[in-house]
J.: 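This structure is in structure tokens; I'll ask about it shortly.
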Amino acid sequence: MNSNDALLGFQWAAGLHSAEEDIVSMADSTITIDHIEGELFRIERIRDVLVRRESELRYMMDDIQLCKEITRLKKELQKLVSVSDTDKSNEDRQREEELLQQIHKLVETRDFLVDDVEFERLREREEDKEMADFLQSKFPKTSKKKEDRRMTSKGQQTSSTPFVTKTGLTLLKECCGFTCSVM
């Protein structure tokens, strides 16, 4: 094979490639690169939702454990407080002080947890907005169709916030918050 044959073969392959560059053949099916990219974006989005849910569940577990510990300490403190001051030993008074400090420390820890949840929620909202803007610029036709579908499904929901985020914040507010017996 001489250099002319190689050049001809290259030109033929280049012409063939440019004519079919949007098609990728895999076994029995053909799929476009745009379709593959779209599927990868959908998978990434699902992964993000799962990571967010895992994070939320971890926050919820931490909150439940903090609330249980606070409840346990408050019960112990209540027993000590119910004893009259004349009947208390120095150890009882010291234990009361320790319990108050432990409860205070746990309440502060829980406050940080609630702040973290709020920060995460705001960060996720910003990420969602950036992703929506990116998808709109990358897939302007399909984004509009998805937006229309989301509008109808959102109309069926009871609130405009995502279920996952609302669940975590609701739990955090109800436990050790306004309606919690711990506080």
Side-chain angles (χ1 to χ4, degrees), residues 37-138 143 146-147 149-183:
E37 287 176 347
E39 185 70 18
L40 287 171
F41 283 124
R42 283 187 290 276
I43 290 170
E44 174 117 1
R45 187 70 185 132
I46 291 168
R47 185 191 63 79
D48 289 345
V49 168
L50 292 173
V51 167
R52 287 178 181 184
R53 182 64 178 157
E54 177 188 18
S55 174
E56 181 180 285
L57 291 172
R58 290 184 190 282
Y59 278 121
M60 290 165 62
M61 285 298 298
D62 290 347
D63 185 59
I64 289 168
Q65 290 172 348
L66 285 169
C67 289
K68 283 181 178 180
E69 184 64 13
I70 291 169
T71 300
R72 186 188 67 74
L73 293 174
K74 285 184 98 174
K75 286 178 182 177
E76 186 178 340
L77 180 62
Q78 187 62 35
K79 288 178 185 175
L80 288 172
V81 169
S82 66
V83 175
S84 69
D85 285 341
T86 56
D87 294 335
K88 287 183 190 175
S89 67
N90 284 337
E91 291 172 357
D92 290 340
R93 288 185 185 93
Q94 186 179 358
R95 182 65 183 148
E96 276 183 26
E97 188 61 34
E98 288 172 5
L99 289 171
L100 286 171
Q101 288 175 1
Q102 288 176 347
I103 291 170
H104 178 70
K105 189 175 182 177
L106 289 174
V107 168
E108 283 181 342
T109 301
R110 192 188 169 281
D111 288 345
F112 287 125
L113 180 72
V114 171
D115 289 344
D116 283 348
V117 168
E118 181 64 19
F119 177 79
E120 283 295 313
R121 186 181 63 78
L122 293 173
R123 185 185 60 78
E124 289 170 358
R125 187 178 289 168
E126 183 64 27
E127 285 177 359
D128 289 346
K129 183 183 179 305
E130 288 173 5
M131 179 59 79
D133 292 345
F134 173 75
L135 290 176
Q136 180 65 34
S137 68
K138 183 79 174 164
S143 294
K146 288 180 182 179
E147 193 173 294
R149 276 190 267 152
R150 281 190 204 137
M151 294 288 236
T152 57
S153 64
K154 274 191 177 183
Q156 296 166 353
Q157 293 177 356
T158 57
S159 71
S160 62
T161 58
F163 173 76
V164 172
T165 303
K166 183 175 183 237
T167 303
L169 290 175
T170 301
L171 177 67
L172 289 173
K173 286 179 182 175
E174 289 176 356
C175 187
C176 293
F178 304 108
T179 61
C180 184
S181 62
V182 171
M183 297 292 158

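Here, residue 1 is the first one in the sequence, and each next residue gets the next number. This one's a predicted model, so the numbers in the text were calculated from it and none came from an experiment.
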J.: Which value, rounded to the nearest 0.5 Å, describes the distance between Phe112 atom CZ and Thr109 atom OG1?
T.: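 Reported to 0.5 Å precision, the distance equals 7.5 Å.
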J.: For Lys88, does its backbone N or O pair with a side-chain atom of Arg93 as donor and acceptor, under 3.5 Å?
T.: yes
J.: I'd like to check the side chain to side chain contact (heavy atoms under 4.5 Å, CB included) partners of Ser84; sequence neighbours left out, ordered by chain and number.
T.: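 So Ser84 forms a side chain to side chain contact (heavy atoms under 4.5 Å, CB included) with Thr86, Asp87.
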J.: Are Gln78 and Lys74 close enough, and set up right, to give a side chain to side chain contact (heavy atoms under 4.5 Å, CB included), and what steps lead you there?
T.: CA-CA 6 Å; Gln78 187 62 35; Lys74 285 184 98 174; over 6 Å; no
J.: Are any of the side-chain nitrogens in Glu124 or Arg121 under 4.0 Å away from the carboxylate oxygens of its partner?
T.: no
J.: Measure the CG-CG distance between Asp92 and Asp85 for me, rounded to the nearest 0.5 Å.
T.: 10.5 Å
J.: Could you walk me through whether Ile64 and Lys68 pass side chain to side chain contact (heavy atoms under 4.5 Å, CB included), step by step?
T.: CA-CA 6 Å; Ile64 289 168; Lys68 283 181 178 180; 3.9 Å; yes
J.: Should Glu108 and His104 count as side-chain neighbours, where that means a heavy-atom distance under 4.5 Å?
T.: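 Yes, close enough: below the 4.5 Å cut-off.
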J.: Heavy-atom distance under 4.5 Å between the side chains of Lys79 and Lys75, does that happen here?
T.: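 Lys79 vs Lys75: side chains apart.
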J.: Find the distance between CG (Leu113) and CE (Met60) and round it off to the nearest 0.5 Å.
T.: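 With rounding to 0.5 Å, CG (Leu113) is 11.0 Å from CE (Met60).
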J.: Does the side chain of Leu57 reach to within under 4.5 Å of the side chain of Glu54, using non-hydrogen atoms?
T.: no
J.: Do the non-hydrogen side-chain atoms of Cys67 and Ile70 ever get within less than 4.5 Å of each other?
T.: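 Side chain of Cys67 against side chain of Ile70, heavy atoms only: no contact under 4.5 Å found.
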J.: Give, for atom CD of Glu76 and atom CD of Glu96, the distance between the pair rounded to the nearest 0.5 Å.
T.: 10.5 Å
J.: As an exercise, state the distance from CG of Leu100 to CD of Glu97, rounded to the nearest 0.5 Å.
T.: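 One finds 6.0 Å between CG of Leu100 and CD of Glu97.
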J.: Does CZ belonging to Arg58 count more than 12 external heavy atoms closer than 6.0 Å?
T.: no
J.: Run the side chain to side chain contact (heavy atoms under 4.5 Å, CB included) test against Glu127 and tell me which residues pass, sequence neighbours left out.
T.: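 Side chain to side chain contact (heavy atoms under 4.5 Å, CB included) check on Glu127 returns Arg52, Arg123.
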J.: Does a sphere of radius 6.0 Å around CD in Glu91 hold more than 12 heavy atoms from other residues, nucleotides or ligands, not counting ones at 6.0 Å or beyond?
T.: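 Open.
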J.: Around atom CG of Asp115, are there more than 12 heavy atoms from other residues, nucleotides or ligands closer than 6.0 Å?
T.: yes
J.: Measure the shortest side-chain to side-chain distance between Val114 and Arg110 over non-hydrogen atoms and say whether it is less than 4.5 angstrom.
T.: yes
J.: Working to the nearest 0.5 Å, report the span between CG of Asp116 and CG of Asp63.
T.: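 One gets 12.0 Å once the value is rounded to the nearest 0.5 Å.
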J.: Can you tell me if Ser55 uses its side chain to pair, donor with acceptor, with the backbone of Val51 under 3.5 Å?
T.: no
J.: Who pairs with Gln102 by side chain to side chain contact (heavy atoms under 4.5 Å, CB included), at least two apart in sequence or on another chain?
T.: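 Side chain to side chain contact (heavy atoms under 4.5 Å, CB included) check on Gln102 returns Leu73, Arg95, Leu99.
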J.: Any chance you could lay out the salt bridge (Lys or Arg N to Asp or Glu O under 4.0 Å) test for Glu56 and Arg53, step after step, and finish with the verdict?
T.: CA-CA 5 Å; Glu56 181 180 285; Arg53 182 64 178 157; 2.4 Å; yes
